[in-house]
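Read through the structure below, which is laid out as structure tokens, and then see the notes.
If you read the sequence from its start, that first residue is 1, and numbering goes on from there.
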Amino acid sequence: MAGDKAALVLTGGGARAAYQVGVLGAIRTIRGKRKGNPFPILCGTSAGGINAVALAVYSQDFNAAVRKLTWIWRNFHVDRVYRADGLALLATGARWGSALTTGWLVRQTPRSLLDNSPLRALLDRVLDYPRIGEAIGNGDLHAVSVSASGYSSGQNLAFYQGCGSLRPWHRAQRIGVPTVLATRHLLATSAIPFVFPAMRINREYFGDGSMRQVAPVSPAVHLGADRILVIGAGRLAEEGREYSDAYPTPAQIAGHTLSSIFLDSLAADIERMERINRTLSVLSEEQRKSAGITLRPIETLVISPSHRLDTIASDHRDSLPRPLRVVLRGVGAMRREGSALLSYLLFEPGYTRALMDLGYRDAMARREEIAVFLRL
């Protein structure tokens with residue numbers, strides 16, 4: 001694993017992370033039957049963190065890992081991630097209604113809009129976490145990390161498991177913490193604010209790692225990456241402005257907020273890395289050493305959706321369970337302008353398969369770039 005380490009960075013986005021699995025499927029096709037793991041460093045956030053840890057568990061055989069992920073995402077249903085039955089949604093509504101009307105009296109504090117206990121059960125069932133340590137010991141994996149945001153400290157922590165030579169890091173608002181990864185870390189990194197409950201790890205409660213993540217690519221750099229493949233879960237290019245005189249629905253506001261959390265910091269971090277690379281390219285190694293510059297150029301390849309995922313979600317909105325459709329219709333998520341929120345929650349096979357197909361096509365369209373990145 002010495003020298004020229006490739007890292008894979010998988011961003012957050014709830015059900016949007018199905019797109020990443022489509023890209024991974026294309027990478028498997030491009031690599032053919034080659035053995036081994038092309039990404040000794042795996043970093044993920046939110047649902048991307050779950051994908052990253054799944055790849056780490058099966059990192060001794062990358063092709064088999066992608067096949068397992070593909071099967072899971074192609075057969076996903078909402079009830080494997082959160083409870084969407086009428087009784088659960090009614091109970092949640094009652095708790096929130098009670099908190100808003102009588103919370104001052106009985107001090108009730110609802111924890112989330114949705115109950116993600118099915119996700120905990122799924123992760124416990126399909127992920128054999130001890131295999132991560134075995135892969136590191138065998139040299140199939142250098143490090144894996146998932147990021148989560150602390151609600152008390154306001155810091156973004158990268159919980160990582162890797163080789164003993166790695167050292168923790170401490171930067172403004174971001175810390176690297178060595179640990180043995182488990183389901184609680186995945187529930188923490190994927191705890192979308194208000195939607196899923198925060199997870200307590202040691203002395204603090206944590207939420208989705210995309211919050212306050214000012215440098216999503218930095219964990220890969222700290223873990224020793226020399227080149228980084230970033231797979232996004234949303235379009236990074238700016239969209240044209242649309243005129244509207246209608247007041248935004250709650251779903252539209254929530255979708256806009258989530259997109260800001262999941263997408264904006266990634267675009268800024270990639271832009272900053274490209275600027276650093278350009279600056280370093282005009283300096284020789286001797287000049288950098290004499291000036292005390294410890295930064296090094298990082299080769300970066302970014303793959304993100306070529307089409308709007310909220311538009312695709314809108315096409316599959318009727319596949320959700322009826323009780324959930326009723327709730328989402330009430331906040332405007334079943335309308336076209338509210339489909340951004342829908343795109344994060346639509347864990348149904350029609351939608352996830354459409355995203356996987358898009359990811360596969362987008363990656364195959366950049367086959368030559370990927371082959372160069374993978375040194376094929």
Side-chain angles (χ1 to χ4, degrees), residues 1-11 17 19-45 48-67 69 131-132 135-147 158 160-163 165-166 169 176 181 215-233 266 269-270 272-274 276-277 280-281 295-304 359-360 362-364 366-376:
M1 290 295 180
D4 196 28
K5 292 186 179 67
L8 177 66
V9 173
L10 302 175
T11 63
Y19 174 85
Q20 301 168 352
V21 182
V23 174
L24 293 172
I27 292 174
R28 184 183 64 179
T29 298
I30 294 169
R31 292 183 73 243
K33 297 182 179 180
R34 290 176 174 84
K35 303 292 184 180
N37 175 24
F39 302 106
I41 298 173
L42 298 164
C43 302
T45 303
I50 295 177
N51 283 340
V53 170
L55 289 174
V57 167
Y58 301 105
S59 57
Q60 296 180 8
D61 188 340
F62 176 78
N63 288 347
V66 175
R67 282 197 301 271
L69 270 178
R131 294 186 63 171
I132 296 177
I136 293 171
N138 294 336
D140 295 305
L141 183 68
H142 183 70
V144 55
S145 75
V146 296
S147 297
Y160 71 87
Q161 185 173 348
C163 294
S165 59
L166 295 172
W169 62 89
L181 292 171
V217 181
S218 69
V221 177
H222 285 291
L223 293 174
D226 301 292
R227 46 194 167 99
I228 302 173
L229 172 62
V230 181
I231 306 179
L266 175 63
D269 198 25
I270 291 172
R272 179 167 53 247
M273 180 170 289
E274 291 174 345
I276 291 173
N277 282 342
L280 294 176
S281 67
L295 297 173
R296 67 186 192 280
I298 304 291
E299 179 184 347
T300 308
L301 177 63
V302 181
I303 299 177
S304 59
Y360 188 90
D362 285 351
M364 292 303 291
R366 302 178 64 181
R367 181 174 190 147
E368 293 184 3
E369 293 177 75
I370 292 173
V372 170
F373 178 90
L374 295 177
R375 309 293 191 256
L376 300 180

Are any non-hydrogen side-chain atoms of [X] and [Y] less than 4.5 angstrom apart?
X: Pro219; Y: Trp169; answer: yes
X: Ile370; Y: Ile303; answer: yes
X: Met364; Y: Ile30; answer: yes
X: Leu229; Y: Ile27; answer: yes
X: Asn63; Y: Arg34; answer: no
X: Ile231; Y: Leu24; answer: yes

To the nearest 0.5 Å, tell me how far [X] [atom1] sits from [Y] [atom2].
X: Leu55; Y: Ile132; atom1: CG; atom2: CD1; result: 10.5 Å
X: Ile298; Y: Ser218; atom1: CD1; atom2: OG; result: 11.5 Å
X: Tyr160; Y: Leu42; atom1: OH; atom2: CG; result: 15.5 Å
X: Leu166; Y: Ile41; atom1: CG; atom2: CD1; result: 7.5 Å
X: Arg367; Y: Thr29; atom1: CZ; atom2: OG1; result: 7.5 Å

Donor-acceptor contact present, side-chain [X] to main-chain [Y], <3.5 Å:
X: Arg366; Y: Val302; result: yes
X: Gln20; Y: Thr11; result: yes
X: Tyr19; Y: Ser304; result: yes
X: Asn37; Y: Asp140; result: yes

Any idea which heavy atoms bring [X] and [Y] closest together, and the distance?
X: Ala135; Y: Ala56; result: CB-O, 4.3 Å
X: Lys5; Y: Gly224; result: CB-O, 3.8 Å
X: Phe62; Y: Gly36; result: CB-O, 3.4 Å
X: Ala54; Y: Leu69; result: CB-CD2, 3.9 Å
X: Cys43; Y: Leu223; result: SG-CD1, 3.9 Å
X: Gly359; Y: Val23; result: O-CG2, 3.5 Å

Practice problem: For side chain to side chain contact (heavy atoms under 4.5 Å, CB included), just list the numbers for Val372 and Leu301, CA-CA rounded to whole Å, side-chain angles, deciding distance to a tenth of an Å, and then say yes or no. | Solution: CA-CA 10 Å; Val372 170; Leu301 177 63; over 6 Å; no
Quiz prompt | Test side chain to side chain contact (heavy atoms under 4.5 Å, CB included) applied to Phe39 and Val9, step by step | solution = CA-CA 10 Å; Phe39 302 106; Val9 173; over 6 Å; no
